[in-house]
Engineer: 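Before I ask anything, here is the structure I am working with.
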Amino acid sequence: GAPNLDDYGELPDFTLRDQRGAELHRKDLEGHVVIANFIFTRCPTICPTFSQKMKRIAGRLADQEKIILLSFSVDPEYDTPEVLAKFAGKFDADPARWKFLTGDPELIKETLTAGLQIALEKRGNLPSGGPDIVHGTHIVLIDGKHRIRGYYNSDDEPRLDQLVRDATALAP
């Protein structure tokens, strides 16, 4: 049985592209448990660590075919499918199970801030020339009916263990 998780509303409808350039729509996720995070490839600080954590989660859930990982780019102007494919390769991401998403910047912003309630703020540029984008470092758990069921602090290892347990319990 599914754990007694909260319901934080619904993942809004979207059409984005993955690292292979294929379109992904919300309806494609029907019946799958989704573990989502937020990254950008030029992020010098937390994103590589954040993606390492997602890689570990992917490994722990490798036998769960009904669980999909989504990494939304918060820098979609730069993060084309080609750029994301290269980034995904660093983490041995299986494109069938772990999709890196890009698309219309307004749509992404809307999906993240209004839909997933994740903070997102562009604050100019870093000395490196890359953008300074402040974004939420929580991982979001979404059930097979597009309901948002939990937020997990990625810096808190016990919470990540809980995420794996909750995702497994929700999976059909």
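Each residue takes its place number in the sequence, starting with 1. Values below: all heavy atoms of this structure, side chains included; hydrogens, waters and symmetry mates excluded.
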Engineer: Pair Arg26, Leu11 - check side-chain contact (heavy atoms from CB on, under 4.5 Å), show working.
Structural biologist: CA-CA 8 Å; Arg26 186 184 74 161; Leu11 174 69; 4.1 Å; yes
Engineer: Do Glu77 and Pro105 touch side chain to side chain, with heavy atoms closer than 4.5 Å?
Structural biologist: yes
Engineer: Would you say Thr168 and Gln64 make side-chain contact, with heavy atoms under 4.5 Å?
Structural biologist: yes
Engineer: Inspect the surroundings of CD in Glu10 and state if more than 12 heavy atoms from other residues, nucleotides or ligands are less than 6.0 Å away.
Structural biologist: yes
Engineer: With side-chain contact (heavy atoms from CB on, under 4.5 Å) as the test, would you mind laying out the steps for Phe91 and Gln52 before giving the verdict?
Structural biologist: CA-CA 7 Å; Phe91 301 98; Gln52 259 329 119; 3.3 Å; yes
Engineer: For the atom pair CG (Asp143) and CG (Asp166), what is the distance rounded to the nearest 0.5 Å?
Structural biologist: 11.5 Å
Engineer: Could you go through the side-chain contact (heavy atoms from CB on, under 4.5 Å) check for Leu120 and Val134 one step at a time?
Structural biologist: CA-CA 6 Å; Leu120 183 59; Val134 183; over 6 Å; no
Engineer: Identify which one of Ile39, Leu16, Val140 satisfies the side chain to side chain contact (heavy atoms under 4.5 Å, CB included) criterion when paired with Phe72.
Structural biologist: Leu16
Engineer: With distance as the sole test, does Arg17 use its side chain to make a donor-acceptor pair with the main-chain N or O of Leu101 at under 3.5 Å?
Structural biologist: no
Engineer: Less than 4.5 Å apart, any side-chain heavy atom of Leu163 and any of Ile139?
Structural biologist: yes
Engineer: With the side chain counted from C-beta on, respond yes when Thr15 and Leu24 share a heavy-atom pair under 4.5 Å apart, and no when they do not.
Structural biologist: no
Engineer: Using side-chain heavy atoms (C-beta onward) and a distance below 4.5 Å, is Leu70 in contact with Ile35?
Structural biologist: no
Engineer: Could you grab the distance from atom CZ of Phe50 to atom CG of Asn37, nearest 0.5 Å is fine?
Structural biologist: 4.0 Å
Engineer: Would you kindly confirm whether Val83 and Phe87 end up in one hydrophobic cluster when ILVMFWY residues are joined by side chain heavy atoms under 4.5 Å apart?
Structural biologist: no
Engineer: Measure the shortest side-chain to side-chain distance between Pro131 and Phe40 over non-hydrogen atoms and say whether it is less than 4.5 angstrom.
Structural biologist: yes
Engineer: Ring-plane angle category for Tyr8 and Tyr151, please: parallel below 30°, perpendicular beyond 60°, tilted otherwise.
Structural biologist: perpendicular
Engineer: Drop me the distance from Trp98's CH2 to Ser71's OG, to the nearest 0.5 angstrom.
Structural biologist: 5.5 Å
Engineer: Can you give me the closest heavy-atom contact between Lys53 and Ser154, atom names plus distance?
Structural biologist: NZ-O, 2.8 Å
Engineer: Arg149 side chain to Leu5 main-chain N or O, any donor-acceptor pair under 3.5 Å?
Structural biologist: yes
Engineer: Would you compute the distance between atom OG1 of Thr80 and atom NZ of Lys86 and round it to the nearest 0.5 angstrom?
Structural biologist: 10.5 Å
Engineer: For the NZ atom on Lys55, are there more than 12 heavy atoms of other groups (residues, nucleotides or ligands in this structure) within a distance under 6.0 Å?
Structural biologist: yes
Engineer: Verify whether one side chain among Asp79 and Thr102 offers a donor that lies under 3.5 Å from an acceptor in the other.
Structural biologist: no
Engineer: Locate the shortest heavy-atom distance separating Gln19 from Lys99; write the atom from each residue and the value.
Structural biologist: OE1-CA, 3.4 Å
Engineer: Can you list the residues that meet the side chain to side chain contact (heavy atoms under 4.5 Å, CB included) rule with Glu30, with sequence neighbours excluded?
Structural biologist: His146
Engineer: Can you find a heavy atom in the side chain of Phe100 that is under 4.5 Å from one in the side chain of Leu69?
Structural biologist: no
Engineer: Give the minimum heavy-atom separation between Arg42 and Gly129, together with the two atoms involved.
Structural biologist: NH1-O, 4.4 Å
Engineer: Got a donor-acceptor contact below 3.5 angstrom from the Arg97 side chain to the Ala62 backbone?
Structural biologist: yes
Engineer: Taking all non-hydrogen atoms of both residues into account, name the closest pair between Gly103 and Pro76 and its distance.
Structural biologist: O-CB, 3.2 Å
Engineer: Between Arg159 and Gln162, does any side-chain donor sit less than 3.5 Å from a side-chain acceptor?
Structural biologist: no
Engineer: Within a 6.0 Å radius of atom NZ on Lys122, are there more than 12 heavy atoms belonging to other residues, nucleotides or ligands?
Structural biologist: yes
Engineer: So Leu160 and Ile57, side-chain contact (heavy atoms from CB on, under 4.5 Å) or not? Walk me through it.
Structural biologist: CA-CA 8 Å; Leu160 295 182; Ile57 290 167; 4.3 Å; yes
Engineer: For the CG atom of Leu84 and the OH atom of Tyr78, what is their distance to the nearest 0.5 Å?
Structural biologist: 10.5 Å
Engineer: Verify the neighbour count for atom CD of Gln117: are there more than 12 heavy atoms of other residues, nucleotides or ligands below 6.0 Å?
Structural biologist: yes
Engineer: Return the minimal non-hydrogen interatomic distance between Ala167 and Leu141, and the atom names on each side.
Structural biologist: CB-CD1, 3.8 Å
Engineer: Are any of the side-chain nitrogens in Lys27 or Asp13 under 4.0 Å away from the carboxylate oxygens of its partner?
Structural biologist: no
Engineer: Measure across His138 and Ile118 and return the closest heavy-atom pair with its distance rounded to 0.1 Å.
Structural biologist: O-CD1, 4.5 Å
Engineer: How many angstroms lie between atom CG of Asp132 and atom CG of Asp75, to the nearest 0.5 angstrom?
Structural biologist: 11.0 Å
Engineer: Are the side chains of Arg60 and Asp161 in touch, meaning some heavy atoms are under 4.5 Å apart?
Structural biologist: yes
